[in-house]
Asker: 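The structure under discussion is supplied below as structure tokens; questions concerning it will follow.
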2 protein chains.
Amino acid sequence: MPVQKVTREEILQKAMRVFKRQGFHRTTMDDLARACGLLKGSFYHYFSSKEMLMKEVLWHANTYNEKHIFSIAYQESGTPKQRLMDLLDALFDGVLRTEGGCLMGNTVLETALVTEEFKEPLRVHFNNAIAALAHLYRTSHSDEKAQELAQQVTVDIQGSLLLVKLFGNEQLLTDCRNRAVERL
Amino acid sequence: MPVQKVTREEILQKAMRVFKRQGFHRTTMDDLARACGLLKGSFYHYFSSKEMLMKEVLWHANTYNEKHIFSIAYQESGTPKQRLMDLLDALFDGVLRTEGGCLMGNTVLETALVTEEFKEPLRVHFNNAIAALAHLYRTSHSDEKAQELAQQVTVDIQGSLLLVKLFGNEQLLTDCRNRAVERL
DNA sequence: GTCTATAAAACGATAGAC
DNA sequence: GTCTATCGTTTTATAGAC
């Protein structure tokens, strides 16, 4: 009787790492299966296609981020400044712990014009990010100004991650974090 | 006797548009050949591989940008503010005239960790961009501050382009342009 | 210089044994 | 649930006619 090697949850986790590092089109089903210790044939027991898997990975990441990162903005304990710093630390930790930067940002630039189906989870992610930041900036700014600042910080993060990926200088993220906190 | 349908120059131009829209890995040699009105077989007369073609496209874009966009920063006529606005207009024009956003930014996120050979032209591009902006900011700030501002504006542009690609809201670029001018 | 034809490999996906 | 085997397609790249 065949022993179950991985759970669906573990596959989503491992697949995310591979997609983050190699991008969607560069990654093969063989890459993904091997990253999970499986052979390609076995992989289709869990997911019917590469696109379906990617969609699930993106939604899964959204759920995780809502629960463990963006939720920090809405905590009742801690000052807004502390919550902002904690949120950014959690965000950058996730981004830097494995190679490839931000899966969401990478996937936007790689697929936005060729794969309509990924746009919905990607939009949800960035809307969540902006909403969480805006919630914090509203504690010291007007609604409009807070929304504007939240957008600017989101843009700042993604642009910084791009230069980090190219030049390897992680100091850019520290600077980005400081700018976000200073704007409170 | 076969008539020459396209010049090498035209191929680089057309190929850039396709890569910009679809990304490197999603684009096939057949896509590229057809975009030039050629058949795949004919295409290898000009370029030995897709990677070689992409490298040439990136270097070609660098030459164009140096000559027609970043050079604006170093012109002797016009105020720094005017030159900054002209430079950003030229940059955004090139980015918005065809679909896909910024080829350089897209290619960084898609290939930085999987294709070492593209990193050199990509780094040259972003170094050129930052240098041109820093040159302008130096007219009203210290060397260090100008460099810092130039980096921030570069990051701002790339992050804004990412959100524009996802949400289609080009107002984000206008805001980005205004922020860049205000920092002078 | 462009075409047709094709080789050779990679890839997404399926079928069936265990 | 995982494996092996394989199908059908796509893709990169080459060879040779015109």
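Residue numbering restarts at 1 for every chain, and letters A, B, ... go by the order of the sequence lines.
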Asker: Let me spell it out: for each of B/His45 and A/Asp30, pick the nucleotide of DNA chain C with the closest heavy atom. Which residue's pick is nearer the 5' end?
Answerer: B/His45
Asker: Under 4.0 Å, counting only non-hydrogen atoms across every strand here, what does A/Thr27 touch: a base, just sugar-phosphate, or nothing?
Answerer: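 It contacts sugar-phosphate atoms only.
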Asker: Could you please name the option among C/dC3, D/dG1, D/dC3 that lies closest to any side-chain atom of B/Leu39?
Answerer: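 In terms of side-chain proximity for B/Leu39, the closest of C/dC3, D/dG1, D/dC3 is C/dC3.
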Asker: Provide, to the nearest angstrom, the distance between the CZ atom belonging to A/Phe43 and the P atom belonging to C/dC11.
Answerer: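 Taking CZ of A/Phe43 and P of C/dC11, I get 15 Å after rounding.
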Asker: In plain terms, say whether B/Asp31 and B/Arg26 are close enough for a salt bridge, that is, a side-chain N and a carboxylate O under 4.0 Å apart.
Answerer: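 Salt bridge flag = no for B/Arg26 with B/Asp31.
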Asker: Round to the nearest Å and state the distance from A/Arg26 atom CZ to D/dT11 atom P.
Answerer: 16 Å
Asker: So how far is it from B/Gln147 CD to B/Gln152 CD, rounded to the nearest 0.5 Å?
Answerer: 11.0 Å
Asker: Are the aromatic rings of B/Phe118 and B/Phe24 close, with centres under 6.0 Å apart?
Answerer: yes
Asker: From C-beta outward on B/Leu38, which listed nucleotide comes closest to its side chain: D/dC3, D/dG1, C/dC3?
Answerer: C/dC3
Asker: Between protein and nucleotides 13-18 of chain C, map the contacts as a letter string: B base, S sugar-phosphate only, - none, heavy atoms under 4.0 Å, written 5' to 3'.
Answerer: BB----
Asker: According to a hydrophobic-cluster definition based on side-chain heavy atoms being under 4.5 Å apart (Ile, Leu, Val, Met, Phe, Trp, Tyr only), do A/Ile130 and A/Met85 belong together?
Answerer: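 As far as the 4.5 Å side-chain criterion goes, A/Met85 and A/Ile130 are connected within one cluster.
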Asker: From the set C/dC11, D/dT2, C/dG1, return the single nucleotide nearest to any side-chain atom of A/Thr28.
Answerer: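 Nucleotide nearest to A/Thr28's side chain: C/dC11.
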Asker: Mind checking whether A/Gln13 and A/Arg17 have side chains closer than 4.5 Å, heavy atoms only?
Answerer: no
Asker: Heavy atoms, side chains only, cut-off 4.5 Å: are A/Lys119 and A/Thr111 in contact?
Answerer: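 A side-chain contact is absent here, since even the closest heavy-atom pair is not under 4.5 Å.
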Asker: To the nearest angstrom, how far is B/Asp31 atom CG from D/dT10 atom P?
Answerer: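 Answer to the nearest Å: 12 Å.
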